[in-house]
Amino acid sequence: MKEIFSTKVFEEGFINEVHASTILKTGENEFLCAFFGGTKEGKDDVKIWTSHFSDGKWSLPVIVAEGIDEPCWNPVLFRYDDKIMLFYKIGKPIPAWRTMLMESTDNGATWSEPQELVKGDIGGRGPVKNKPILLLDGRICAPASIETELTWDCFTDISSDGGKTWERSEFVPINHLLTHGKGIIQPTLWENDGKIFMLMRSTMSRVMKSESSDGGKTWSEATETELPNNNSGIDCVKLADGRIVLIYNPIPKNWGDRNIIGISVSDDNGESWTPCDIVEKDDDEEAEFSYPAIICDDKYVYTTYTHYRKNVMFRIFEL
């Protein structure tokens, strides 16, 4: 793929630390981006911010959600019919996360009051980092995971009524004795030939995969792919021609550096992948390009990712 445009979302120094962006196309050459930001990840002043892209530039970010003496995390944007859904996590520590939902009918100019996605849930429901997908049968399928003190586990949350109610799947089976760490989190999804496919961040130095043949209710045992993973976020998107495009850190070390980010493509439904095409690299091991989000239309692939923890980078690639 050929890069045709790139820009940072805001001027350096506007927010002390930012992370975990999400991107949505809202019109012709128009986009909405959300991310969390504050003094430092996990601090009580960390809030959810949004910025709008039009006329070739991003608007000044504004705060759209915040907690009272607790941080916000991992916003996820998703369009369903005539509304945009903004999911995010709130709380500390991570095992005590609650998932909140806000909605907009004016492309993110205004938002509804936040509501718990699943009342009384502790640990996190709905999308944990990456966008849901709309299944061919009309259901919303959200890639989910939880992080306990002992293990990390992936599942899917599915809504048949436009996000009003949710039913969670079983956990993706995995042998936690062999994970070299806590396990698997933050999946990304696509659908093909009646099955749902999942790639996952892991503590095993490889991207893991699973599939569901029953609409996301149960999942096959997680297995390794050929793709390296540094135990950092990934995201993929399925193109109209069936290819799968994955953006990730191609570093084969658990808790490895995040100073390289790139793209691989599969034209056989995730069975094999092209060599990683490097998007950005810095030889300084403390540099960080991480937690990408990726979407597409019939001409372009659009991605955002954390840029040195100081900004969000937005890039457009021609298919």
Side-chain angles (χ1 to χ4, degrees), residues 1 3 6-23 33 35-43 45-46 49 71 73-75 92-94 128-130 145 147 152 178-188 199-209 224-236 245-265 273-294 301 303-317:
M1 288 183 290
E3 183 174 7
S6 67
T7 185
K8 296 176 183 177
V9 172
F10 52 87
E11 293 296 324
E12 297 293 341
F14 181 71
I15 307 171
N16 188 62
E17 182 175 287
V18 301
H19 197 37
S21 61
T22 177
I23 183 75
C33 178
F35 52 89
F36 73 69
T39 56
K40 189 174 178 62
E41 179 179 353
K43 296 295 184 181
D45 69 349
V46 172
W49 303 69
W73 315 70
N74 294 11
K92 59 179 182 182
I94 291 174
V128 67
K129 172 199 171 291
N130 295 319
S145 64
E147 303 175 39
W152 292 353
L178 302 178
T179 58
H180 312 295
K182 290 188 175 183
I184 47 177
I185 53 171
Q186 298 173 354
T188 180
L199 296 177
M200 297 158 280
R201 165 183 172 177
S202 85
T203 57
M204 287 160 278
S205 302
R206 287 287 185 275
V207 173
M208 303 295 285
K209 65 178 180 180
E224 291 187 9
T225 71
E226 66 193 67
L227 297 161
N229 182 241
N230 59 340
N231 192 0
S232 185
I234 64 174
D235 196 17
C236 76
V245 181
L246 177 74
I247 183 166
Y248 65 115
N249 301 110
I251 299 172
K253 180 182 178 182
N254 185 30
W255 294 119
D257 301 326
R258 298 179 175 186
N259 61 332
I260 308 172
I261 196 165
I263 287 175
S264 289
V265 180
W273 298 86
T274 61
C276 188
D277 185 8
I278 302 302
V279 171
E280 190 161 4
K281 178 180 179 180
D282 188 328
D283 291 334
D284 183 354
E285 294 178 353
E286 298 300 316
E288 181 169 346
F289 314 119
S290 66
Y291 270 55
I294 190 168
V301 167
T303 184
T304 59
Y305 56 87
T306 297
H307 199 255
Y308 293 98
R309 287 275 176 158
K310 298 297 183 182
N311 214 315
V312 173
M313 180 62 76
F314 171 61
R315 306 187 99 104
I316 302 176
F317 298 90

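We're numbering straight along the sequence, starting at 1.
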- Message: A side-chain contact here means heavy atoms from C-beta on lying under 4.5 Å apart; do K253 and N230 qualify?
- Response: no
- Message: For E226, is the CD atom crowded, meaning more than 12 foreign heavy atoms sit under 6.0 Å from it?
- Response: yes
- Would you indicate whether the side-chain heavy atoms of Q186 and N74 approach each other to under 4.5 Å? yes
- Item | Flag side-chain contact, heavy atom, 4.5 Å: H180 against S202 | no
- Message: For a 4.5 angstrom cut-off between non-hydrogen side-chain atoms, does P187 reach M200?
- Response: yes
- Item | Student check: side-chain heavy atoms of F36 and E41 closer than 4.5 Å | yes
- Message: Less than 4.5 Å apart, side chain to side chain, heavy atoms only: is that true for S264 and Y248?
- Response: yes
- Message: If you count every heavy atom of other residues, nucleotides or ligands that lies below 6.0 Å from E285 atom CD, does the total exceed 12?
- Response: no
- Y308 and F289: aromatic ring centres closer than 6.0 Å? yes
- Query: Will you find, in the side chains of N231 and N254, an N or O donor that is under 3.5 Å from an N or O acceptor?
  - Reply: yes
- Message: Less than 6.0 angstrom separating the ring centers of F35 and F10, yes or no?
- Response: yes
- Would Y305 and R258 count as having a side-chain donor-acceptor pair, cut-off 3.5 Å? no
- Query: Side-chain donor-acceptor pair under 3.5 Å between T188 and D235, yes or no?
  - Reply: yes
- Check whether any side-chain heavy atom of M204 lies under 4.5 Å from a side-chain heavy atom of I184, and answer yes or no. yes
- Message: Using the rule given for salt bridge (Lys or Arg N to Asp or Glu O under 4.0 Å), can you reason through E3 versus R315, listing the C-alpha separation, both sets of side-chain angles and the distance that settles it, and then say yes or no?
- Response: CA-CA 7 Å; E3 183 174 7; R315 306 187 99 104; 2.8 Å; yes
